Amino acid sequence: VRRAVPVGFPDQQRPPRRVFFSVLSDSQFRAAAGATLGGVAGGLLISIVFGTVVGLVMGRVPTVERSLRYYVNSLFATPMVAILPLLSLWFGYSGDARLATVVFAAFFSVAVNTCDGARAAPVEYLEVARSFRARGFRTLFDVVLPSSLPYLLAGVRLAAGRSLVAAVVAEFFVSIPGLGYYILFNSRTFKHNEAFVAVIILVAVGVGFDALINWMTRRYLPWARRSG
């Protein structure tokens with residue numbers, strides 16, 4: 001079998017641990033990681049801000065909730081791969097398409113969970129706010145938002161995982177610089193160890209962000225754990 005393999009064909013790969021640090025020190029890899037993680041961070045920040053506002057309004061204003069419920073639920077269930085060709089046409093074959101894909105994947109997780117948290121705000125808290133003549137946005141941001149934080153953090157946790165997947169999928173299909181394209185290029189050129197190192201970094205980022213959310217919940221929302 002070995003004689004049938006052409007000379008130079010990578011029939012035996014080195015273990016990924018042997019190329020791990022060399023890949024991390026590679027400028028091309030660092031640029032790809034910076035592009036992907038920067039797009040994920042930007043899209044996640046946009047999704048958290050707008051998703052929180054939309055979720056709070058949907059949870060406390062029945063008219064808005066009835067108007068947006070079916071659109072939000074339908075788009076939340078839509079696969080990001082199905083909408084990616086449209087996003088690439090609207091935003092071009094650039095980093096803007098990746099950012100739009102990340103926002104599309106992360107926004108609805110935050111909005112849906114925040115809406116559930118706003119609806120679950122304790123009636124006692126709202127009655128106390130009314131007794132102190134708190135109205136409108138004061139009640140929304142001083143009472144409803146703090147009580148919805150456990151739901152919001154759960155939505156952010158889901159959104160973070162979806163945003164990583166969305167960024168990599170966008171880089172696969174649109175062929176823009178990033179870890180997704182780095183994995184695709186190295187896999188097609190038989191550099192599987194380098195591609196596997198990029199996968200390990202993506203997994204580490206996802207696990208690290210999940211651990212950060214858990215720590216924030218234990219540190220700043222201990223009452224949420226006890227009440228659950």
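The first residue in the sequence is number 1, and the count goes up from there. Because the structure is a prediction, the values reported are computed rather than measured. These values consider heavy atoms only, across backbone and side chains, with no hydrogens, waters or symmetry-generated copies.
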(request) Please confirm whether F50 and F107 have ring centers closer than 6.0 angstrom. (result) no
(message) I need the minimum non-hydrogen distance between L44 and S163, along with the two atoms involved.
(response) CD1-OG, 4.3 Å
(request) Could you give me the CA-CA distance, side-chain angles and deciding distance for L126 and R60, then say whether side-chain contact (heavy atoms from CB on, under 4.5 Å) is met? (result) CA-CA 11 Å; L126 299 176; R60 301 310 305 174; 3.1 Å; yes
(request) Taking the side chain as every heavy atom from C-beta outward, state whether N113 and L152 have any pair of such atoms under 4.5 Å apart. (result) no
(message) Checking the side chain of R98 only, and the main-chain atoms of P177 only, is there a donor and an acceptor separated by less than 3.5 Å?
(response) yes
(request) Only counting residues at least two apart or in another chain, list the ones meeting salt bridge (Lys or Arg N to Asp or Glu O under 4.0 Å) with R69. (result) E65
(request) Look at the rings of F108 and F76 and say which category their plane angle falls in: under 30° parallel, 30 to 60° tilted, over 60° perpendicular. (result) tilted
(message) Is it the case that atom CZ in F172 sees more than 12 heavy atoms from other parts of the structure closer than 6.0 Å?
(response) yes
(request) Hydrophobic side-chain clustering at under 4.5 Å (ILVMFWY, transitive links): who's grouped with Y181? Put none if nobody. (result) F185
(request) Measure across A170 and T101 and return the closest heavy-atom pair with its distance rounded to 0.1 Å. (result) CB-OG1, 4.0 Å
(message) Is it the case that the side chain of T36 and the backbone of L179 share a donor-acceptor pair, with hydrogens and angles ignored and the cut-off at 3.5 Å?
(response) yes
(message) If you define the side chain from C-beta out and look only at heavy atoms, does anything of W90 sit under 4.5 Å from L87?
(response) yes
(request) Report whether F104 and L158 are members of the same hydrophobic cluster (ILVMFWY, side-chain heavy atoms less than 4.5 Å apart, transitive linking). (result) no
